[in-house]
Amino acid sequence: MFRPQLPDVPQLPTTVVTDRDRDPVPSAGRPLTPYVGAVVAVVVIGVVLTALLVAVAISAVSVAIAAVVLRSLANGTKRR
């Protein structure tokens, strides 16, 4: 009597409509295959150049730190 009951769900028709009589959409002209190699080349060159830039920046920082240490050592010997 007080148990909840689910409402009846209406059954939807099981007819499947296929649209196979239409032609596929033609491409815009040229295929994209020739551009894949160029895009990959640009990405690889960008990664390599970025890695080189990071390497140069790290080298510059380490040379600057070495220069500061050598300068402090040289100034310390003059004061003694």
With V48 as reference, evaluate T50, L52, I45 under the side-chain contact (heavy atoms from CB on, under 4.5 Å) test and give the passing residue. L52
State which residue, out of V68, V69, N75, fulfils the side-chain contact (heavy atoms from CB on, under 4.5 Å) condition with R71. N75
Result block: side-chain N/O donor-acceptor pairs under 3.5 angstrom for residues 56-64, not counting sequence neighbours:
unit_1, atom_1, unit_2, atom_2, d
S59, OG, A55, O, 2.9
S62, OG, I58, O, 3.3
S62, OG, S59, O, 2.8

